[in-house]
2 protein chains.
Amino acid sequence: MKIEPSATRSHDHNACVHDAVATAVDLCEKRGARLTAQRRRVLELVWGSHRAVKAYEILDDLAREQPGARPPTVYRALEFLMAHGLVHRVDSLNAFVGCNHARDRHEAQFFICDGCGLVREIDEPSIGQAVTRGAKKLGFRVDRQTVEMHGRCEACQ
Amino acid sequence: MKIEPSATRSHDHNACVHDAVATAVDLCEKRGARLTAQRRRVLELVWGSHRAVKAYEILDDLAREQPGARPPTVYRALEFLMAHGLVHRVDSLNAFVGCNHARDRHEAQFFICDGCGLVREIDEPSIGQAVTRGAKKLGFRVDRQTVEMHGRCEACQ
DNA sequence: AGCGGATACGTAATATTATAACGTTTTCGA
DNA sequence: TCGAAAACGTTATAATATTACGTATCCGCT
Ligand SMILES: [Zn+2]
Ligand SMILES: [Zn+2]
Ligand SMILES: [Zn+2]
Ligand SMILES: [Zn+2]
């Protein structure tokens with residue numbers, strides 16, 4: 001198992017991946033959820049970078065080491081990982097990104113650099129609050145939010 | 001030209017559509033943009049309801065009255081309409097919705113009812129401000145935002 | 001250990017969403 | 001009225017995602 005390097009990072013990314021997997025193992029253990037080898041491998045592949053990764057990119061990677069892999073293989077794994085908050089879907093990119101604070105359930109908000117592809121998940125409570133205010137005005141109940149900001153990261157400006 | 005009724009409205013929807021088209025005609029006039037018959041028809045079809053409409057639904061409708069219609073016919077019209085802020089894409093639904101305050105360029109924020117499909121576009125400045133604050137913390141420059149809240153409208157709760 | 005239901009996976013097919021490529025027609029100002 | 005730009009027609013294909021159904025594996029229970 002080798003994790004490829006990425007142009008968009010300057011840190012020890014293997015440590016990122018290792019941490020993410022350890023957290024996932026832990027969390028699934030606690031919840032009695034089955035983090036199978038395949039699901040775990042898909043999690044690693046999603047964490048291959050801090051970019052959002054396309055399902056078919058994951059499929060290509062997976063198929064290289066496991067020729068039987070098919071779309072449902074990947075989508076099923078992603079479904080599981082999303083259900084457990086280990087991965088998020090980025091709707092504006094049709095792509096998936098690893099969650100870097102998966103311990104608690106949370107509303108995900110993303111900054112996405114259109115230059116280098118970097119995705120940063122944040123938790124800015126005032127965004128949630130502003131949304132709640134807006135919802136109240138309309139009598140809406142909010143169950144789930146998609147908040148994705150596109151632009152340029154510091155390095156790419 | 002007949003606009004179909006929708007389960008999710010209690011108002012004179014033909015008036016909505018009429019207004020939207022009048023605004024569009026006006027705006028395109030001002031900008032020297034060509035709101036052709038086809039683009040106008042697609043705008044009407046998007047405005048067929050206050051729900052988000054799929055591209056292939058529009059295509060089906062359009063093809064009924066114009067058998068030569070093909071995917072590019074619709075996507076090209078939508079591209080034009082979006083470029084002029086007359087229609088927005090709802091990323092979390094892969095669908096399109098008419099803009100109800102197209103006069104000015106604006107950041108669109110949506111509340112989407114998962115019960116009846118109603119989409120309400122709002123302009124809650126505090127959301128934009130909260131986002132800006134979050135962006136500043138990260139050194140991000142925001143160019144474009146996707147803010148889509150899913151839940152239940154007042155009637156569907 | 002052996003049974004049986006639930007969960008996960010393999011596999012083929014197909015559905016849905018979107019774009020590429022290229023030629024023709026229309027528009028509109030010079 | 002000419003010519004370039006824009007719009008449109010048409011075919012094909014790319015990209016994303018799901019359905020359906022059969023098989024294998026896991027796991028609690030006896
Ligand atoms: Zn997260
Ligand atoms: Zn960047
Ligand atoms: Zn709008
Ligand atoms: Zn509703």
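Residue numbering restarts at 1 for every chain, and letters A, B, ... go by the order of the sequence lines. Quantities reported herein were computed from a predicted structural model and do not represent experimental measurements.
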Review point. For DNA chain D, whose closest nucleotide is more 5', that of N94(A) or that of A69(B)?
Key: A69(B)
Point to revise | Whole-Å gap separating P (dG10(C)) and CG (L59(A)) | key: 12 Å
Check your understanding: Regarding D91(A) and T146(A), is there a side-chain donor-to-acceptor distance under 3.5 Å anywhere?
Key -> yes
Study note, to complete from the structure: Winner on side-chain proximity to K54(A), out of dT18(D), dT16(D), dC9(C), is dT16(D)
Practice item. Identify, between P67(A) and R39(A), the residue whose nearest nucleotide on DNA chain C lies closer to the 5' end. Key: R39(A)
Point to revise | Separation of dG10(C) P from L62(A) CG (nearest whole Å) | key: 9 Å
Check your understanding: Going by an N to O cut-off under 4.0 Å, is there a salt bridge joining R41(A) and E44(A)?
Key -> yes
Check your understanding: Toward the 5' end of DNA chain C, which comes first, T73(A) or P71(B), by nearest nucleotide?
Key -> T73(A)
Review point. What integer distance in Å separates E29(B):CD from dC28(C):P?
Key: 11 Å
Point to revise | Sugar-phosphate only, base, or nothing, as touched by E79(A) at under 4.0 Å among non-hydrogen atoms | key: nothing
Exercise for review: May I ask you to check whether E148(A) and Q109(A) show a side-chain donor-acceptor distance below 3.5 Å?
Suggested key: no
Exercise for review: Grab the CZ-P distance between F80(B) and dT27(C) for me, whole Å please.
Suggested key: 15 Å
**Study point:** Sub-6.0 Å ring centroid separation between H150(A) and F111(A)
**Key:** no
Practice item. In whole angstrom, give the distance that lies between atom CG of L93(A) and atom C1' of dA15(D). Key: 14 Å
Practice item. Provide, to the nearest angstrom, the distance between the CZ atom belonging to R70(A) and the C1' atom belonging to dT16(D). Key: 17 Å
Review point. Is a side-chain donor or acceptor of K137(B) paired with a backbone partner of T132(B) at a separation under 3.5 angstrom?
Key: no
Point to revise | Atom pair distance, as rounded to whole Å: CG in D60(B) and C1' in dT16(C) | key: 12 Å
Review point. Does the pair D26(B)/K30(B) count as a salt bridge with the N-to-O cut at 4.0 Å?
Key: yes
Practice item. Using the six-membered ring for Trp and the full ring for Phe, Tyr or His, decide whether Y56(B) stacks on the six-membered base ring of dT17(C) (centres under 5.5 Å, planes under 30°). Key: yes
Check your understanding: Atom CG of L35(B) to atom C1' of dA7(D): distance rounded to whole Å?
Key -> 13 Å
**Study point:** Exercise: do Q38(B) and T36(B) side chains pair donor with acceptor under 3.5 Å
**Key:** no
Exercise for review: Answer yes or no: does a side-chain N or O of Q66(B) lie under 4.0 Å from OP1 or OP2 of dC8(D)?
Suggested key: no
Review point. Nucleotide by nucleotide, 5' to 3', does protein get under 4.0 Å of the base (B), only the sugar-phosphate (S), or neither (-) in nucleotides 19-30 of chain D, counting heavy atoms?
Key: BB-----S----
